[in-house]
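Working notes, structure below.
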Amino acid sequence: MNLALTDEELAFRDEMRTFFTTQIPAEIRERYARGEEVGKEGFIESQRILNANGLATPHWPVEWGGRDWTPVQKHIWLDELQLASVPEPLAFNTSMVGPVIAAFGSQEQKEKFLPPTANLDIWWCQGFSEPEAGSDLASLKTRAVRDGDDYVINGQKTWTTLAQHADWIFVLARTNPDAPKKQAGISFILVDMKTPGVTVRPIKLIDGGYEVNEIFFEDVRVPAENLVGEENQGWSYAKFLLGNERTGVTRLGFSKVRLAQAKERAAEISVGEGTLLDDPLFAARIAELENEIIALELTQLRVVASSADGKPNPASSLLKLRGSELQQATLELLTDVAGPDSLPFAAGDGIASPLWAQRTTPTYLNYRKVSIYSGSSEVQRSIIASSILGL
């Protein structure tokens with residue numbers, strides 16, 4: 001298989017690279033690259049620029065702002081976006097609820113929700129996981145009971161990322177508790193976060209931040225018109241939603257940027273008669289990561305090239321597994337380069353550790369999450385064992 005880009009694909013890559021590095025404000029990209037908070041307004045500004053130029057939702061149907069791109073073009077778009085340290089379009093909007101509404105929603109729902117979802121006029125969050133229904137999502141207990149023209153929702157969701165910013169939430173709720181299989185009897189419902197009875201409570205994470213939340217629903221009345229698709233078919237829509245996270249989950253652009261940062265910083269640190277970058281053990285560690293990134297990138301290109309028929313490829317589990325591990329490995333490397341400065345301090349004499357170094361430990365700790373979300377590494381290994389190795 002020839003994995004080299006064609007002349008047209010190289011021209012497309014250059015077009016994407018030029019746009020991302022010139023049209024997205026440098027301040028936003030630099031802060032994002034350093035692992036600093038971009039803030040809600042920074043994400044909104046970036047996505048609106050992308051959307052205005054048809055670059056926020058290229059995988060959507062063309063009539064709703066998508067682009068008729070090949071799988072390779074979509075891969076190039078995402079890779080160059082990550083390499084330029086542009087905040088990715090909000091996944092809850094562009095990769096999750098948007099495609100579900102486009103595929104299964106009513107015409108009224110499409111017209112009402114899709115344009116503001118693409119433009120981040122509506123910020124969505126995901127109401128799937130519960131205290132006792134994480135990996136075993138089908139065991140969820142949140143109930144939605146039909147009452148006239150409304151559903152009345154009661155229950156709790158947890159680990160709801162960025163719910164503190166959200167305007168709406170898409171919720172999986174059990175509408176038929178007597179269904180013969182636990183996967184059945186679940187519906188996909190859209191809920192305005194301002195609805196009476198919705199309570200958001202932050203969860204403090206290991207990095208000290210408040211990225212996730214728990215959400216409580218107490219007699220929350222939602223118009224029945226906010227049901228997406230058919231009642232009790234929510235599990236099928238949820239599988240469709242999760243199936244949209246395939247080759248992009250490697251986030252190789254992210255890992256490449258962090259590895260480049262580690263090399264740049266290491267070249268500034270004196271060790272013996274040279275720098276840390278000259279140290280044989282450190283250089284070997286760099287070389288190993290570079291080789292692993294190249295190997296995964298080639299695997300990703302093979303998966304992309306074989307996905308033209310739109311069917312799921314079980315090899316995407318390999319991409320998720322190794323992509324997660326490489327994100328964590330590059331961040332660990334950057335933290336090691338920072339050394340003692342990775343632990344924030346501000347001495348009384350005004351001497352403080354550099355900001356980039358202070359950000360390494362919280363970022364490293366935060367990214368322990370990547371081997372859990374979108375299907376944990378254990379789940380991916382089970383898929384690899386059964387679907388690829390036939391065990």
**Report entry** I286 and K263, any side-chain heavy atoms less than 4.5 Å apart
**Finding:** yes
Query raised in the report: Can you check whether I215 reaches Q156 side chain to side chain, under 4.5 Å on heavy atoms?
Result: no
Query raised in the report: Looking at K194 and D167, does any basic side-chain N land under 4.0 Å from a carboxylate oxygen?
Result: no
Query raised in the report: Side chains of R251 and Y367: is there a donor and an acceptor less than 3.5 Å apart?
Result: yes
Query raised in the report: Is there a donor in the side chain of E231 and an acceptor in the side chain of T175, or the other way round, less than 3.5 Å apart?
Result: no
Query raised in the report: Hey, is CD on Q107 packed in by over 12 heavy atoms from elsewhere, all under 6.0 Å?
Result: yes
Requested in this report: Give a yes-or-no answer on whether the side chains of W124 and T117 include a donor-acceptor pair shorter than 3.5 Å.
Outcome: yes
Query - Any donor-acceptor N/O pair, S46 side chain to G42 backbone, under 3.5 Å - result: no
Query raised in the report: Quick one: OG on S255 to CD on E290, what's the gap to the nearest 0.5 Å?
Result: 12.5 Å
Query raised in the report: Do V171 and F188 have side chains that get closer than 4.5 Å, going by heavy atoms?
Result: no
Report task. Would you please classify the geometry between the W69 ring and the W77 ring as parallel, tilted or perpendicular, with 30° and 60° separating the classes? Result -> tilted
Requested in this report: Spell out, as yes or no, whether a donor-acceptor pair under 3.5 Å connects the side chain of R258 to the backbone of T330.
Outcome: no
**Report entry** Nearest heavy-atom neighbours spanning I186 and A138
**Finding:** CD1-O, 4.1 Å
Query raised in the report: Under 3.5 Å, is there a donor-acceptor pair between the side chain of T57 and the main chain of W60?
Result: no
**Report entry** Cluster check I169, V200: I/L/V/M/F/W/Y, side chain < 4.5 angstrom
**Finding:** yes
Query - Check: T275 side chain, V271 main-chain N or O, donor-acceptor pair, under 3.5 Å - result: no
**Report entry** Expected output: side-chain N291 to main-chain A287 donor-acceptor under 3.5 Å
**Finding:** yes
Query raised in the report: Can a salt bridge be assigned to the pair E27 and R31 using a cut-off of 4.0 Å between side-chain N and carboxylate O?
Result: yes
Report task. Give a yes or no on whether the backbone of H165 and the side-chain of K40 come within a donor-acceptor separation of less than 3.5 Å. Result -> yes
Query raised in the report: Any idea which heavy atoms bring D207 and P362 closest together, and the distance?
Result: CB-O, 3.3 Å
Query raised in the report: Cation over ring, R17 on F20, under 6.0 Å and within 45°?
Result: no
Requested in this report: Examine I269 and L289 and state if one hydrophobic cluster contains both, with Ile, Leu, Val, Met, Phe, Trp and Tyr joined whenever side-chain heavy atoms are less than 4.5 Å apart.
Outcome: yes
Query raised in the report: Which atom pair, heavy atoms only, marks the closest approach of A262 to L333?
Result: CB-CD2, 3.7 Å
Query - Residues R48, D121: salt bridge by 4.0 Å N-O rule - result: yes
Requested in this report: Hey, could you give me the OG1/CZ distance between T70 and R67, rounded to the nearest 0.5 Å?
Outcome: 12.0 Å
Query raised in the report: When clusters are formed from ILVMFWY side-chain contacts under 4.5 Å, directly or step by step, what else is grouped with W159?
Result: I203, L205, V212
**Report entry** Approximate separation, where rounding is to 0.5 Å, of T361 OG1 and D341 CG
**Finding:** 10.0 Å
Report task. Assess the side chains of N176 and N232: does a donor N or O sit below 3.5 Å from an acceptor N or O? Result -> no
Query raised in the report: Less than 4.5 Å apart, any side-chain heavy atom of V152 and any of V220?
Result: no
Query raised in the report: Should the ring pair F43 and Y32 be called parallel, tilted or perpendicular, given that the plane angle runs from 0 to 90° and is split at 30 and 60?
Result: perpendicular
Query raised in the report: Can you find a side-chain donor-acceptor pair between Q82 and E88 that sits under 3.5 Å?
Result: yes
Query raised in the report: With ring centroids as reference points, do F170 and F92 lie under 6.0 angstrom apart?
Result: no
Query raised in the report: So, N213 versus Q164: side-chain donor-acceptor pair below 3.5 Å or not?
Result: yes
Requested in this report: Carefully, step by step, assess R265 and E268 under the rule salt bridge (charged side-chain N to carboxylate O under 4.0 Å, His left out).
Outcome: CA-CA 5 Å; R265 299 298 182 183; E268 299 170 350; 3.8 Å; yes
Requested in this report: Determine whether L241 and I383 fall in the same hydrophobic cluster, where Ile, Leu, Val, Met, Phe, Trp and Tyr are linked whenever their side-chain heavy atoms lie under 4.5 Å apart.
Outcome: no
Query raised in the report: Does a side-chain N-to-carboxylate-O contact under 4.0 Å join E325 and R322?
Result: yes
Query raised in the report: Which heavy atom in Q380 sits nearest to a heavy atom in S317, and how many Å separate them?
Result: OE1-OG, 2.8 Å
Query raised in the report: Is a side-chain N or O of K182 found less than 3.5 angstrom from the main chain of L137, in a donor-acceptor match?
Result: no
**Report entry** Validation row: V72, L5 side chains within 4.5 angstrom (heavy atoms)
**Finding:** yes
Query raised in the report: Do S324 and K320 meet the criterion of a side-chain donor-acceptor pair at a distance under 3.5 Å?
Result: yes
Query raised in the report: Which atom names give the shortest non-hydrogen contact between D150 and P223, and what distance separates them?
Result: OD1-CA, 3.6 Å
**Report entry** Stepwise side-chain hydrogen bond (donor to acceptor under 3.5 Å, both in side chains) check, E218 with N154
**Finding:** CA-CA 5 Å; E218 299 176 79; N154 283 278; over 6 Å; no
Query raised in the report: Do NZ/NE/NH1/NH2 and the carboxylate oxygens of D147 and R221 come within less than 4.0 Å?
Result: yes
Query raised in the report: Side-chain contact, heavy-atom cut-off 4.5 Å: F128 with K157?
Result: no
Query raised in the report: Do R285 and D336 have side chains that get closer than 4.5 Å, going by heavy atoms?
Result: yes
Query raised in the report: Can you tell if the side chain of E15 reaches within under 4.5 Å of the side chain of F19, non-hydrogen atoms only?
Result: no
**Report entry** Point-to-point distance, once rounded to the nearest 0.5 Å, from CG of L78 to CD1 of I76
**Finding:** 11.5 Å
**Report entry** No-hydrogen, no-angle side-chain donor-acceptor test under 3.5 Å, R302 and T299
**Finding:** yes
Report summary line: Between the CD atom in E297 and the OG1 atom in T250, the distance rounded to the nearest 0.5 Å is 8.5 Å
**Report entry** For P115 against E111, the heavy-atom pair lying closest together
**Finding:** CD-O, 3.6 Å
Query - Side-chain H-bond candidate by donor/acceptor type, N53 with Q23, under 3.5 Å - result: no
Query raised in the report: Do E8 and R13 sit within salt-bridge range, that is, some charged N less than 4.0 Å from a carboxylate O?
Result: no
Report task. Report the C-alpha separation of V228 and I189 in whole Å, then their side-chain angles, then the decisive distance to 0.1 Å, and conclude whether the side-chain contact (heavy atoms from CB on, under 4.5 Å) test is met. Result -> CA-CA 6 Å; V228 174; I189 303 174; over 6 Å; no
Query raised in the report: Among the clusters formed by ILVMFWY side chains lying less than 4.5 Å apart, do L365 and Y210 turn up in the same one?
Result: no
Query - Side chain T360, main chain A357, donor-acceptor under 3.5 Å - result: yes
Query raised in the report: Is it true that K141 and E132 make a salt bridge, defined as a side-chain N closer than 4.0 Å to a carboxylate O?
Result: yes
Query raised in the report: How about F113 and W168: are their ring centroids closer than 6.0 Å?
Result: yes
Query raised in the report: Any donor and acceptor pair, going by atom type alone, linking the side chain of D279 with main-chain N or O of F282 inside 3.5 Å?
Result: yes
Requested in this report: Start with the C-alpha gap between K369 and N366, add the side-chain angles, then the distance that decides, and say whether side-chain contact (heavy atoms from CB on, under 4.5 Å) holds.
Outcome: CA-CA 6 Å; K369 67 189 178 187; N366 181 276; 2.7 Å; yes
**Report entry** N/O donor-acceptor pair under 3.5 Å between Q109 side chain and F104 backbone
**Finding:** no
Query raised in the report: Any luck finding a side-chain donor-acceptor pair between E130 and T142 under 3.5 Å?
Result: yes
Query raised in the report: Are E63 and K110 ion-paired here, with the side-chain N under 4.0 Å from a carboxylate O?
Result: no
